[in-house]
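Sequence lines set the chain letters: A, B, ... in the order given, protein chains first and strands last, and positions in each chain run from 1.
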Protein chains: 2
Amino acid sequence: MDRKEADSASPRGRQRENQRERLILAAETRIATSGVASLRARDLAGDIGVALGSIYNLVTDIDELILIVGSRTLTKLDAALGEAATAHAMANPAGAIERLIAIAHRYRAFASQHRFLWRALFEFRLAEGRDVPDWVSADLKHIFRNIVEPLNTLMPWAEAEKRALMAHTLFCAVHGVVSLGLQGKMVAVPAEVVDQEVEQLLRLTCAGLLQEG
Amino acid sequence: MDRKEADSASPRGRQRENQRERLILAAETRIATSGVASLRARDLAGDIGVALGSIYNLVTDIDELILIVGSRTLTKLDAALGEAATAHAMANPAGAIERLIAIAHRYRAFASQHRFLWRALFEFRLAEGRDVPDWVSADLKHIFRNIVEPLNTLMPWAEAEKRALMAHTLFCAVHGVVSLGLQGKMVAVPAEVVDQEVEQLLRLTCAGLLQEG
DNA sequence: TGTTTTTTTGAACAATGTTCAAAATCGAGG
DNA sequence: CCTCGATTTTGAACATTGTTCAAAAAAACA
């Protein structure tokens, strides 16, 4: 019978799985140090000691490789933000605000620390026709949960849907400040100033929210 | 004597200038309809009825072409936002807030209307080593002025520098919501909802600002 | 008109992702 | 341990791109 997926128990499949993993690692390393734009099939083949064509036995595309690395980055980001989210207790609104700020600062730190991996998440454009893979939505749900939780304390009067929308808005807004600030397309802003900016933005927004309730 | 720049008064220079303009127009059209990633030197040569190599007599690079188109886009954006900025009078804080919202909505509309041109502004990454051209800073100063003006009304107690930073923060935040919202990398958000989001964000932030003063 | 200068041309090159027929390798049966 | 069919690996070849440059064409000039 023709199996499409290699049996991961057989020695053949084991070897294959190992190579694929090494390929992903190599891609991740290259993206992390030189940016997604400088990923070369031939370099990767050299990295894992395999012929050029073999890349295409392990992966259908270079794009698939980039997506896989993106998935890993998103998971790391989720972990980092989750950690920051537990840093502050959150019984009162003040605590909730601090937690939101902590998450935002962690986001900025992640972006600084994994500059190229983080950029790859947003720079990468799917080839026309392919749609966003499932893991994106999955990981994003996790991340958003961390933001919704403080919002439950800050805007208890609002419906869940409103809070979800606010979480989306805040995430995007903070992302905008971090993204444009760090990569200095317009004006390069030092990390500490970016932190100040997101902090100010969140404090003001939350002040507005509390006033509203 | 060897002139490097073609004399734009001589018939030779005239012709050259004309071709260059047609090239820029062709590039702009192609970017506007298919995105910057699908710009091809050969296509452009065909568009303006010229041999492949001639492209490089009119422009040093395809990148230069993209930068020029970016400059034009930024100028259009500046004009659009400037128009929106005059829509609301601004004697009192309420008017200032409305003006900020009007500008943000215009920004969203511009992004929707000139989707690919607008994206090209942010997607394009300068080749390593080259730095941001001057016109970027120039046009951005214009754009920021439109944001700083309402802020003068909203936070008169703050130093000019603080207001400039706030303008930067607000621009980036709105950009983030528009950018991630429209291009639906995570979740595709319809234009009206994006407008709601930026409006809410600005109202809350401004409420916070007024409270602070 | 003949000569010199400038411009235009398009063939050629380099870099890249991807394919595929052939070679190498493997695994099971004798 | 050897053989043979199946599977995997290989790397040469192809397609697509940006860019260059020697030669041809055009223009300017005397």
Can you check whether B:V193 reaches B:P190 side chain to side chain, under 4.5 Å on heavy atoms?
yes
Given atom CZ of A:R16 and atom C1' of C:dT25, what is their separation to the nearest angstrom?
14 Å
Check for a donor-acceptor pair, side chain of B:T75 on one end and backbone N or O of B:S71 on the other, with a separation under 3.5 Å.
yes
Ion pair present between A:E28 and A:K76, side-chain N to carboxylate O less than 4.0 angstrom?
yes
Side chain of B:I62, heavy atoms from C-beta onward: which of C:dT19, C:dT16, D:dG18 has the nearest atom to it?
D:dG18
Remember a base hit wins even if backbone is also touched, and classify B:R42 as base, sugar-phosphate or nothing at under 4.0 Å, heavy atoms.
base
Parallel, tilted or perpendicular: which fits the ring planes of A:F144 and A:H168, with parallel below 30° and perpendicular above 60°?
tilted
Lys/Arg-Asp/Glu bridge criterion (N-O < 4.0 Å) met for B:E17, B:R22
no
Aromatic plane relationship, A:W118 with A:F122 - under 30° parallel, 30 to 60° tilted, over 60° perpendicular
perpendicular
Any residue in residues 18-32 of chain B with a heavy atom nearer than 4.0 angstrom to DNA chain D? Just list them by number, or reply none.
none
In whole angstroms, how far is the P atom of C:dC26 from the CG atom of A:N57?
15 Å
Do you know the tightest heavy-atom contact between A:G70 and A:L121?
O-CD2, 3.5 Å
A:R40 CZ - D:dT17 C1' separation (whole Å):
12 Å
Give me the residues of residues 45-52 of chain A where at least one heavy atom lies under 4.0 Å from an atom of DNA chain D, by number, or none.
A:V50, A:A51
Looking at every strand, decide which applies to B:L39 at a 4.0 Å heavy-atom threshold: base, sugar-phosphate, or nothing.
sugar-phosphate
Determine, for B:E199 against B:R203, whether the closest basic-nitrogen to carboxylate-oxygen distance falls under 4.0 angstrom.
yes
Send over the distance from A:Y56 OH to D:dA15 C1', rounded to a whole Å.
13 Å
Exam field: side chain B:R72 to backbone B:L25, donor-acceptor pair closer than 3.5 Å
no
B:D43 CG to D:dT16 C1': how many Å, rounded?
11 Å
What's the CD-C1' distance between B:Q15 and D:dA28, to the nearest Å?
15 Å
How long is the line joining CG of B:L65 and P of D:dG18, in whole Å?
11 Å
Looking only at atom types and distance, does a side-chain atom of A:R163 sit under 3.5 Å from a main-chain N or O of A:M155, one as donor and one as acceptor?
yes
Rounding to 10 degrees, work out the angle separating the end axes of the helix from C:dT1-D:dA30 to C:dG30-D:dC1 (five pairs an end).
20°
Distance-only, no hydrogens or angles: does the B:R20 side chain make a donor-acceptor pair with backbone N or O of B:L58 under 3.5 Å?
yes
Atom-pair distance (CD1 on A:I55; P on C:dT16), nearest Å:
14 Å
Between B:S54 and C:dT9, is there a side-chain N or O to OP1/OP2 distance below 4.0 Å?
yes
Which one, D:dG18, D:dT9, C:dT18, comes nearest to the side chain of A:A41?
C:dT18
Ion pair B:E83/B:R99, N-O distance below 4.0 Å
no
